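Notes follow once the structure below has been shown.
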Amino acid sequence: MGATKPKIVSPFQLAIVLTLSFWSGSFGCLAQTGTNADKPTYTKRVLESTEVDLISSYYAQEGENAAVSGGIGTEELTDAAGSIVVSIPLNDNDVLTIDAGVSAYTSASSSNVNPFDGSLPADAFVASSGASRADTWANFTGSYSHTSADRNKVWSGMASVSSEYDYFSIGFGGGYVQQFHQKNTSISVNAKVFLDAWDAIYPSELRPFATGGFGSFRQSELTGNTDYAPQFAQFDNEKRNTYALELGFSQILHQKVQGGLTVDLVRQEGLLSTPFQRVYFSDVADTFLEGFHLADDIEKLPENRFKVAFGGRLNWFASETIALRTYYRYYFDDWGITSHTARLELPIMLSDAFTVRPSYRFYQQTAADYFAPYDEHMSTDRFYTSDFDLSEYIANQYGLGVSYTDIFTKLQLWKFGLKAIDINYFMYDRDTAFGSYIATLGIQFVLD
């Protein structure tokens with residue numbers, strides 16, 4: 001991975017996805033609606049009582065192809081994240097969910113946005129000790145869902161805000177689910193919009209050239225090509241908009257078999273380049289300072305991108321204790337990337353309370369049209385990147401999860417009962433000298 005922060009999956013986002021599995025197991029209760037005293041009627045509540053999820057994760061990665069230093073250099077990064085998700089039943093049919101989280105990371109690659117602000121000589125394979133080595137990301141999301149009285153329709157809406165040192169984002173969206181045939185069939189549609197704004201930060205050696213005029217960067221200390229003149233200009237547009245639409249279909253095919261299909265459409269426009277990622281040209285003489293290769297330019301990518309993904313899942317409940325979950329996705333975009341994702345998960349119930357879930361995920365993608373490794377682009381190219389997230393690669397991920405569930409919430413903490421504990425570990429490996437792991441812990445409490 002060449003980016004400053006992991007792009008495949010952030011620890012916070014993965015932890016949120018894992019927590020959703022808790023919600024899917026929520027049990028409804030019977031609440032009296034009472035048309036009259038003699039013949040009361042009952043409806044199953046969508047959510048029995050307030051639920052609180054505490055989520056934490058720790059992520060670490062290492063690699064040798066940092067995009068911050070043009071496709072070479074350390075990619076060491078650690079990220080610790082925590083969040084709290086509170087789901088509140090407003091009545092029998094409506095649920096309000098509040099999600100707040102913080103993620104703090106330390107990144108060797110992002111420290112080299114300014115490799116000259118530390119006490120050691122600048123080196124793409126050594127982290128700088130300057131301020132750019134660490135940052136904090138914060139997010140707040142609120143969502144609301146309404147379920148019809150017959151429980152066959154669900155409407156939902158969400159709004160979010162997130163921020164870090166060079167980035168700010170707001171998002172909103174909504175969804176609809178319709179179930180048919182005694183809930184054996186369902187269709188869904190979800191739409192989201194994210195409006196993002198960069199506070200663009202450029203590699204330190206390019207900042208004197210930011211206005212497009214003449215600059216100097218410790219000229220007397222340069223080696224190699226001492227007439228350093230990068231073809232660099234600031235971005236005029238520092239905004240990015242993302243529009244996402246997801247269509248879903250699921251069907252119970254057999255007493256023990258369930259399947260589903262999804263189609264995802266994503267349109268992005270605006271600043272899709274990362275301003276602090278360097279690029280080097282093979283037809284331009286190299287310039288060095290303290291042994292660090294100074295940038296010829298920054299990453300430049302088109303201001304539009306269209307992504308399409310088709311997914312399918314098939315779950316087989318072999319017995320009361322063993323199930324097999326399978327998933328496949330095909331992806332393509334107009335930047336030239338195609339990819340295949342296949343995933344297997346084997347939940348095994350060891351008892352009424354404990355389940356283990358070994359899993360395996362395979363991923364393969366082609367390179368973007370604009371990708372080339374370190375020092376292989378041409379200065380005449382219109383677009384260019386050396387971010388190995390956009391390269392051709394194959395990746396394998398191995399995982400193991402353990403869950404504890406107590407629907408009777410025997411263990412009490414103040415007014416809350418412990419409902420579930422979920423622990424997961426995933427190890428990820430690419431064939432481009434990159435690897436990572438993530439450990440997550442989720443604890444769910446229910447208000448008694």
Side-chain angles (χ1 to χ4, degrees), residues 1-8 10 61 63-77 105 107-117 122-125 127-128 130 132-135 137 164-167 196-207 209-210 217 230-240 268 270-282 284 286-287 292-303 305 335 337 367-379 381-391 393 430 432-434:
M1 179 184 303
T4 304
K5 299 178 281 298
K7 291 185 177 179
I8 296 178
S10 76
Q61 70 175 45
E64 302 175 356
N65 301 112
V68 172
S69 43
I72 60 170
T74 178
E75 295 179 85
E76 290 184 5
L77 179 147
Y105 74 88
S107 170
S109 62
S110 69
S111 73
N112 283 324
V113 171
N114 184 3
F116 311 105
D117 60 357
D123 189 329
F125 290 92
S128 169
S132 59
R133 71 187 185 280
D135 190 30
W137 173 87
E164 57 185 308
Y165 78 107
D166 63 339
Y167 206 74
D196 309 331
W198 289 90
D199 180 10
I201 296 176
Y202 301 102
S204 57
E205 68 268 32
L206 297 179
R207 295 170 194 171
F209 301 83
F217 189 80
Q231 61 177 55
F232 165 72
Q234 295 185 95
F235 289 112
D236 295 327
N237 178 17
E238 295 188 353
K239 298 184 182 299
R240 175 170 69 188
Q268 291 182 294
L271 180 53
L272 306 184
S273 309
T274 303
F276 49 77
Q277 295 187 168
R278 294 175 175 86
V279 169
Y280 301 105
F281 300 133
S282 60
V284 174
D286 298 337
T287 302
F292 190 92
H293 193 172
L294 302 186
D296 292 325
D297 201 355
I298 56 175
E299 175 183 82
K300 287 186 179 177
L301 293 168
E303 291 190 347
R305 189 178 187 183
W335 285 9
I337 293 179
D369 297 336
Y370 319 113
F371 172 81
Y374 168 74
D375 212 15
E376 292 190 18
H377 283 289
M378 299 291 291
S379 60
D381 294 339
R382 182 181 179 187
F383 301 114
Y384 30 77
T385 178
S386 292
D387 186 343
F388 272 70
D389 280 353
L390 301 177
S391 71
Y393 66 87
R430 284 189 194 175
T432 58
F434 176 88

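Positions are given from 1, in the same order as the sequence printed here. What you see is a predicted model; the values in this text were computed from it and never measured.
- The side-chain heavy atoms of I72 and F125, taken from C-beta on, include a pair separated by under 4.5 Å.
- With rounding to the nearest 0.5 angstrom, the CG atom of N112 is 8.0 Å from the CG atom of D123.
- S282 and M378 make their closest contact through OG-SD, 3.3 Å (heavy atoms, listed as atom of the first residue, atom of the second, distance).
- Here the side chain of Q277 pairs no donor or acceptor atom with the backbone of T385 at under 3.5 angstrom.
- For S204, the side chain to side chain donor-acceptor pair (under 3.5 Å) partners at least two apart in sequence or on another chain are N114.
- With respect to F388, the ring pair (Phe, Tyr, Trp, His ring centres under 6.0 Å) criterion is satisfied by exactly one of F371, Y393, F434: F371.
- Looking at every heavy atom in both residues, Y105 comes nearest to S110 through CE1-OG, 4.0 Å.
- Although no hydrogens or angles enter the test, the distance criterion places a donor-acceptor pair under 3.5 Å between the side chain of E299 and the main chain of T274.
- Here the CG atom belonging to D297 is positioned 5.5 Å from the CD atom belonging to Q231, to the nearest 0.5 angstrom.
- In this structure, Y167 OH and E238 CD are separated by 11.5 Å, a value rounded to the nearest 0.5 Å.
- Taking both residues in full, the closest heavy atoms of F292 and A122 are given as CB-CB, 3.7 Å, listed atom of the first, atom of the second, then distance.
- Minimum interatomic distance between R278 and P115 (heavy atoms only, all atoms of both residues): NH2-CD, 3.5 Å.
- Contact record, P275 with S273: CD-O, 3.6 Å, taken as the closest heavy-atom pair.
- Side-chain N or O atoms of D166 include none that pairs as donor or acceptor with a backbone N or O of I201 at under 3.5 Å.
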*Would you sort out whether L301 and Y370 count as a side chain to side chain contact (heavy atoms under 4.5 Å, CB included), showing the intermediate values?*
CA-CA 7 Å; L301 293 168; Y370 319 113; 3.9 Å; yes
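- Separation of the F232 and Y202 ring centroids falls under the 6.0 Å cut-off.
- Atom CD of E303 and atom CG of L271 lie 7.5 Å apart (nearest 0.5 Å).
- Under the ring-ring contact (aromatic ring centres under 6.0 Å, His included) criterion, Y374 pairs with Y280, H293, not counting sequence neighbours.
- Once rounded to the nearest 0.5 Å, the distance linking CD of Q61 with OG1 of T74 reads 9.0 Å.
- We find the CG-CZ distance between L272 and F235 to be 9.5 Å, quoted to the nearest 0.5 Å.
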*Evaluation steps, side chain to side chain contact (heavy atoms under 4.5 Å, CB included), between D196 and Q268*: CA-CA 11 Å; D196 309 331; Q268 291 182 294; over 6 Å; no
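- Between D389 and D387 the shortest heavy-atom distance is N-OD1, 2.9 Å.
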